[in-house]
Amino acid sequence: MDLRAVAGLVLFCGSAAAQSPAPEQIQRGAAIYERNCSPCHGARMQDPQGAADLRKFPHNERERFITSVSRGKNQMPPWGGMLKPEDIEALWAYVVSAESLYGH
Amino acid sequence: MKLLATASAVLLSAATTVAAQTLDELKNDGQLNDALKTDNVLTYGMGYHQQRYSPLNQINPGTIKRLVPVWSLSLDNNWGEQAQPIVYNGVMYVTNARHTVAIDVGSGKQLWKHTLDWPADTPRVVCCGVSNKGAALYNGRVYRTTLDAHVLALDAKTGKELWKTKVAEWKDGVSLTLAPLIANGVLVIGNSGAEFGVRGFIDGYDTDSGKQLWRRYTIPARGEKGNDTWPQDNNAWEIGGGSAWITGSYDPQLDLMYWGIGNPAPWASQSRTGDNLYTSSVLALRPKTGEIVWHYQFTPNDAYDYDACWELILAELKVNGKMRKVAMQLNRNGFLYVLDRATGELISAKAYEKINWASHVDMKTGRPVETEIAKSIREMKATEHWPSTRGAKNWQHAAFNPKTGLLYANTLHEGRMYKHLETKPYERGQRYQFIENLPLPRAADQPVGHIEAIDPLTAEKKWRVPLMDFQIWSAMLASGELLFTGKETGEFIALDAATGKQLWQFQTGSGVNAMPVTYTYKGRQYVTVLSGIGGLYWNTNRERLKDIVPQGGSVWTFALLPD
């Protein structure tokens with residue numbers, strides 16, 4: 001993934017929504033996602049054949065997201081032993097930005 | 001006193017004989033000679049040759065309508081069942097990622113169960129499904145590998161743990177899912193983990209103590225022959241993949257094991273110029289020492305995840321009028337290879353599926369001739385790529401019938417939009433792939449895979465059954481005139497091996513992605529398969545399957561209903 005493009009899009013969209021996560025946080029989340037999450041959840045959250053479609057994750061359920069990633073859920077292993085809390089927050093920032101990044 | 005001691009020694013040795021299981025028995029397993037004992041299934045692949053063939057013919061096209069389940073046993077496991085059962089003297093040994101279970105073949109009753117407890121986050125370093133492909137049996141012990149990279153021995157009678165050896169640190173990205181191979185008295189295993197940048201290895205262990213006898217890294221170190229196929233100005237070779245996650249085959253006469261070696265890491269190839277030996281290759285090794293006797297590389301500088309781990313089927317084939325001892329592989333890269341197994345000489349390499357990354361294999365150099373498609377992928381452009389990284393065939397093992405001379409396989413017909421991403425620095429225990437791999441639109445009349453009968457030397461199809469809904473990720477069993485395999489949607493099926501026509505099916509409780517076996521018990525032919533959806537296909541198609549196929553492992557055993 002071209003992270004510069006992500007950053008550009010984020011900057012562009014950022015002005016429209018006051019509460020959007022910081023671009024650098026989204027970028028960090030995108031990098032973690034690309035490496036560790038895309039094998040199951042699909043490149044750029046597209047093609048989520050193997051796991052939950054994160055584009056559909058409700059934006060008001062942050063806590064559930066953080067808990068699921070940290071402790072694992074169903075077939076997903078817990079990531080809390082490897083990712084720091086701020087990494088998981090960055091992932092959340094990336095996930096809630098999916099629509100502005102990729103238009104879905 | 002003396003007499004008593006003698007008597008008890010006799011009793012002891014008699015008891016040992018019952019539980020023992022010797023190298024000769026292993027050698028004869030699945031061999032079509034007078035010593036063939038159809039009551040037992042002792043080796044991975046139903047013989048060291050991994051032909052997955054049995055001459056048993058009680059169950060045949062005429063009688064199969066009377067084939068019914070005789071027992072089923074829950075395996076109390078939701079992670080998926082991929083194992084091949086081992087059968088010895090009326091006892092069956094089955095594994096999954098959690099349990100090892102001994103079952104009475106006659107009644108289906110559980111005799112003992114051993115449960116593993118690996119850390120909950122271990123699946124983080126398992127690329128393609130939490131599973132185990134089966135046990136090995138030798139000298140009264142059951143041997144298996146664990147997800148968190150241990151190998152252990154259990155007493156075959158009681159299930160008591162006798163020893164457990166740490167093979168590697170799972171947090172480094174190493175996991176173990178394969179069935180061990182016992183070759184010339186040595187317990188041999190290989191690792192998983194190329195998707196996490198491990199350096200692959202094959203290990204030999206002492207069966208009595210669990211002590212490591214040797215380790216053969218699949219990537220040569222600096223100064224060793226072959227290291228010059230890796231960059232000399234970076235450490236790509238130390239994190240270069242080359243797992244060996246499917247059990248090798250073995251020729252006891254030549255005393256050579258054949259192990260398929262996995263893909264290099266990362267999948268994106270910019271940081272590892274060169275052929276990257278011995279990734280995506282086959283190694284012929286001595287079981288006592290791990291010495292490499294010969295190698296052949298199928299996919300030099302593999303940029304496509306073209307693992308070569310699959311079964312290397314050993315057989316005698318007539319080549320230009322002469323019988324040759326060969327090793328055959330339906331490689332992930334779309335070519336069907338036939339090699340001389342004494343020397344590694346390439347005999348044949350024919351395309352058996354749609355391939356666009358290479359035009360053919362140059363028989364002089366033994367190397368695939370890459371196309372513009374390969375160039376485009378290496379230039380990091382999103383490219384329509386056939387076969388996809390999942391291969392023209394994945395691990396679902398093929399069978400070979402020495403009487404028909406044909407291979408029977410569940411193959412994949414799948415291209416994807418594939419793109420290399422920029423490679424980032426290695427991080428311990430984290431994914432090390434750097435690719436995007438998106439589905440292509442598929443026409444309604446385009447199959448997703450086939451069940452097929454293939455001539456090994458021409459790759460010509462004798463027959464081909466298209467699959468229009470789900471691919472088959474279950475191994476093939478060639479049983480007399482029949483073939484047995486299973487579907488992700490739970491059907492265990494039998495086909496006429498002459499035509500591919502389906503003759504019979506039974507709906508098991510979950511998806512079938514395991515390895516059926518056949519054997520006799522008290523003169524009656526049995527067929528056993530595990531049911532329990534899991535593995536890579538489930539991992540990548542869960543959204544399509546989760547509401548139509550429940551999870552849950554079980555063993556199913558079938559026999560003919562008496563007249």
Side-chain angles (χ1 to χ4, degrees), chain A residues 1-8 27-57 66-88 90-91 94 98 101-104, chain B residues 78-80 118-130 147 170-171 173 175 195-197 266-268 305 380 382 389 416-419 421-440 533-546 551:
Chain A
M1 180 183 325
D2 188 342
L3 291 181
R4 281 165 307 179
V6 172
Q27 223 175 314
R28 179 175 175 178
I32 295 168
Y33 178 92
E34 179 187 303
R35 185 166 201 144
N36 296 296
C37 315
S38 67
C40 297
H41 291 278
R44 291 174 279 127
M45 291 181 259
Q46 297 176 56
D47 182 32
Q49 295 173 49
D53 187 344
L54 292 172
R55 296 170 295 190
K56 292 182 186 156
F57 201 96
I66 304 286
T67 307
S68 298
V69 176
S70 310
R71 296 185 194 166
K73 188 175 178 187
N74 299 331
Q75 303 289 305
M76 180 170 72
W79 291 88
M82 191 186 95
L83 298 175
K84 298 186 205 83
E86 55 267 37
D87 293 333
I88 299 173
L91 278 174
Y94 175 60
L101 290 171
Y102 306 124
H104 50 64
Chain B
N78 275 348
W79 285 106
W118 27 262
D121 41 359
T122 318
R124 222 174 60 209
V125 301
V126 181
C127 72
C128 310
V130 171
L147 203 68
W170 73 264
K171 286 181 179 167
S175 58
E195 279 57 56
F196 302 85
W267 293 9
D305 187 27
M380 300 172 67
T389 56
R416 283 174 88 87
M417 215 58 192
Y418 183 53
K419 186 185 175 190
L421 303 174
E422 194 183 322
T423 303
K424 305 216 172 68
Y426 167 83
E427 303 239 19
R428 178 191 181 228
Q430 294 199 30
R431 289 270 179 173
Y432 198 52
Q433 296 176 253
F434 310 113
I435 51 101
E436 274 190 16
N437 208 1
L438 294 166
L440 290 170
I533 198 160
L536 182 64
Y537 194 74
W538 169 240
N539 246 23
T540 52
N541 290 273
R542 194 172 289 133
E543 291 304 301
R544 284 174 72 204
L545 288 162
K546 69 181 166 64
Q551 289 166 266

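Naming convention: chains lettered A, B, ... in sequence-line order (proteins, then strands); numbering from 1 in each chain.
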_Approximate separation, where rounding is to 0.5 Å, of A/Q75 CD and B/R542 CZ_ = 5.0 Å
*Taking all non-hydrogen atoms of both residues, which atom of A/A52 and which atom of B/E543 are closest, and how far apart?*
N-OE2, 4.0 Å
*Options B/E427, B/K546, B/E195, ranked by heavy-atom pairs under 4.5 Å with chain A, top entry*: B/E427
*I would like to know whether A/D47 and B/M417 meet side-chain contact (heavy atoms from CB on, under 4.5 Å); could you show each step before the answer?*
CA-CA 11 Å; A/D47 182 32; B/M417 215 58 192; over 6 Å; no
*Measure across A/R44 and B/L438 and return the closest heavy-atom pair with its distance rounded to 0.1 Å.*
NH2-CD1, 3.6 Å
*Given that the side chain runs from C-beta out, which part of B/R428 has a heavy atom under 4.5 Å from chain A: side chain, backbone, both or neither?*
neither
*Kindly compute the distance separating CG (B/N437) from OG (A/S38), expressed to the nearest 0.5 Å.*
10.0 Å
_Return the OH to CZ distance between B/Y432 and A/R35, rounded to the nearest 0.5 Å._
7.5 Å
*Which heavy atom in A/P78 sits nearest to a heavy atom in B/D121, and how many Å separate them?*
O-CB, 3.5 Å
_Engaged part of A/M76 at the chain B interface, taking heavy atoms whose separation is under 4.5 Å_ = neither
_Considering all heavy atoms, the nearest A/M82-B/G429 contact_ = SD-O, 4.4 Å
*Shortest non-hydrogen separation from A/N36 to B/R431 and the atoms involved*: OD1-N, 3.7 Å
_B/Y537 versus chain A, the contacting section by heavy-atom distance below 4.5 Å_ = neither
*Output the distance between atom CD (A/E34) and atom CG (B/L421), rounded to the nearest 0.5 Å.*
5.0 Å
*Checking B/Q433 against chain A: side chain, backbone, both or neither under 4.5 Å from a heavy atom?*
side chain
_Residue part contacting chain B, namely of A/P39, when any heavy atom lies under 4.5 Å_ = side chain
